[in-house]
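Have a look at the structure below before the remarks.
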Number of protein chains: 2
Amino acid sequence: MIGTPMRFARNTEIYGEEEAAEHLYQVTSGAVRTYKILEDGRRQIGAFYLPGDIFGFEAGDTHISSAEAICESQVLMVRRSALMIRAIHEKDLARQLWDATALELRRFQNHVMLLISSAEQRVIGFLRDMARRATKNAAIELPMSRQDIADYLGLTIETISRTFTQLEQKGVISLLTSRRVELRDHVLFHGFVRNLD
Amino acid sequence: MIGTPMRFARNTEIYGEEEAAEHLYQVTSGAVRTYKILEDGRRQIGAFYLPGDIFGFEAGDTHISSAEAICESQVLMVRRSALMIRAIHEKDLARQLWDATALELRRFQNHVMLLISSAEQRVIGFLRDMARRATKNAAIELPMSRQDIADYLGLTIETISRTFTQLEQKGVISLLTSRRVELRDHVLFHGFVRNLD
DNA sequence: CGTCGGATTGAACACTGTCAAGTGAGGTGG
DNA sequence: CCACCTCACTTGACAGTGTTCAATCCGACG
């Protein structure tokens with residue numbers, strides 16, 4: 001995927017909800033969040049995108065979320081229309097576009113699964129997802145704040161903080177710093193952590 | 001959309017999770033639910049499909065959910081591969097496929113939004129969605145059980161039942177029977193029901 | 001009329017939210 | 001180099017909401 005490289009400072013908007021979706025984006029460095037503001041003022045984060053991830057891809061002509069850089073980030077920008085035209089002839093490209101859509105659907109479904117479980121399971125699920133996607137190092141680097149995680153998991157910042165502490169006390173994770181987390185292996189490999197008590 | 005008509009009895013499987021997604025389906029009568037069984041045994045319903053709705057459409061080669069008929073239902077079945085080949089030449093069809101995908105993404109996003117609010121807001125959101133999609137009559141006919149609603153909204157059957165009762169006491173809905181609900185107009189039109197107390 | 005499955009109701013309990021206070025690391029200026 | 005500030009994060013006490021477990025109700029159907 002080629003495109004125009006662009007830089008975004010921390011907390012700056014990449015696109016807004018309801019804007020025409022003229023571009024696709026790929027993160028090359030940094031991290032991005034998509035979100036919606038609800039009528040009652042709360043913010044729901046739809047997804048986090050890390051280097052390599054494609055976003056802005058909503059299969060319609062308007063964005064259904066806003067997107068912001070979480071930290072200083074670089075993204076590649078490609079015109080959607082150009083891609084779609086090329087995709088008519090290049091089967092590989094068409095395939096990649098469908099795959100990206102399928103991935104997006106899976107992400108949403110996974111998100112729904114997270115939201116119906118307990119606070120502890122939500123946090124573990126979030127960390128497992130981050131661990132799987134991040135560099136395969138022992139420690140995960142979290143680019144997002146506790147508030148971002150809270151708005152992603154539908155919890156409060158206090159509950160996130162408490163849950164991190166409890167998971168550390170149970171020996172499930174190590175908090176090297178507040179933004180660097182180490183997961184115990186069994187948490188990575190088990191499909192589901194049934195009982196941590 | 002043409003295809004092979006098929007009938008399914010109440011609670012019978014239409015397709016299973018992880019099966020090859022060889023077909024697309026359109027409901028002609030009855031109602032369908034898609035769901036996943038979680039590792040701890042709970043069931044998460046991903047969506048309900050009513051007459052006219054297209055399902056089995058996950059943009060990948062395998063189904064990410066199972067699908068079942070909620071009640072005696074008829075669906076049209078079309079081979080995906082045939083559709084995809086036709087879509088290469090028929091721009092309208094290709095467009096329809098993208099639109100269906102976009103709709104599915106919006107459904108998931110809407111679902112996520114529901115899951116982060118209170119029990120009362122979840123139920124109201126669910127009913128508004130059903131009202132919008134069902135026949136525009138005053139009363140909504142709910143084909144699904146309380147347990148289905150509970151598994152869709154991430155709540156227990158008891159909470160669903162209690163919330164229905166409370167909404168009726170507040171004058172937001174009328175329960176003609178347990179499966180026939182009438183919504184007050186203001187609930188339909190407001191983007192969000194801010195305060196019902 | 002009796003039975004069965006789905007739905008409702010009640011009481012006790014667990015979990016998460018709320019509000020408020022406290023802690024800690026990084027950055028700035030004297 | 002240290003004092004101070006700021007912002008993010010953590011912790012505590014308590015209230016509110018949803019779950020759990022159990023009993024009961026209701027309607028369709030034999």
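With respect to B/Glu22 and B/Arg80, no salt bridge is recorded, no charged nitrogen being found less than 4.0 Å from a carboxylate O. With salt bridges taken as basic N to acidic carboxylate O contacts below 4.0 Å, one links A/Asp61 and B/Arg95.
Between the side chain of B/Glu158 and the base of D/dC21 there is at least one donor-acceptor pair of N/O atoms closer than 3.5 Å. One cannot find a donor-acceptor pair under 3.5 Å joining the base of D/dT19 and the side-chain atoms of B/Arg42.
Residue A/Arg146 places at least one side-chain N or O under 4.0 Å from the OP1 or OP2 atom of D/dT10. For the OP1/OP2 pair of D/dT17 and a distance below 4.0 Å, the side-chain nitrogens and oxygens of B/Ser118 include no atom meeting the criterion. Between B/Ser161 and C/dA7 there is no side-chain polar atom (N or O) within less than 4.0 angstrom of OP1 or OP2. At C/dA7, one or more side-chain N or O atoms of B/Arg179 fall inside 4.0 Å of OP1 or OP2 (strictly under the cut-off). For A/Ser145 and D/dA8, the shortest distance from a side-chain N or O to OP1 or OP2 is not below 4.0 Å.
Per the geometry, CD1 belonging to A/Ile116 stands 16 Å off C1' belonging to C/dC15, to the nearest Å. Regarding A/Leu115, its CG atom lies at a distance of 16 Å from the C1' atom of D/dG18, rounded to whole Å. Put simply, CG on B/Asp151 is 11 Å from P on D/dT19, counting in whole angstrom units. One can place CE of B/Met144 at 11 Å from P of C/dA7, the figure rounded to the nearest angstrom. At whole-Å resolution of the value, CG in A/Asp148 and C1' in D/dC7 are 14 Å apart. Per the geometry, CG belonging to B/Asp40 stands 14 Å off P belonging to D/dT19, to the nearest Å. Atoms CD (B/Glu168) and C1' (C/dT8) sit 12 Å apart, rounded to a whole Å. Atom P of nucleotide C/dG10 and atom CD of B/Gln166 are separated by 11 Å, given to the nearest angstrom.
The residue B/Arg180 sits apart from the nucleic acid: no heavy atom pair falls under 4.0 Å.
Take the nearest nucleotide of DNA chain C for A/Ile160 and for B/Ile160: the residue whose nucleotide is more 5' is B/Ile160.
Picking from D/dT10, C/dT16, D/dA22 the nucleotide with the shortest atom distance to the side chain of A/Thr165 gives D/dT10. Looking at the side chain of B/Arg162, the nearest of the listed nucleotides D/dG18, C/dG10, D/dA8 is C/dG10.
Side-chain contact of B/Asp92 with B/Gln96: a donor-acceptor pair under 3.5 Å is absent, judged by distance alone.
The aromatic rings of A/Phe55 and A/Tyr25 lie parallel to each other, with less than 30° between the two planes, well short of the 60° mark.
Atom CZ of A/Arg10 has 12 or fewer heavy atoms from other residues, nucleotides or ligands within 6.0 Å.
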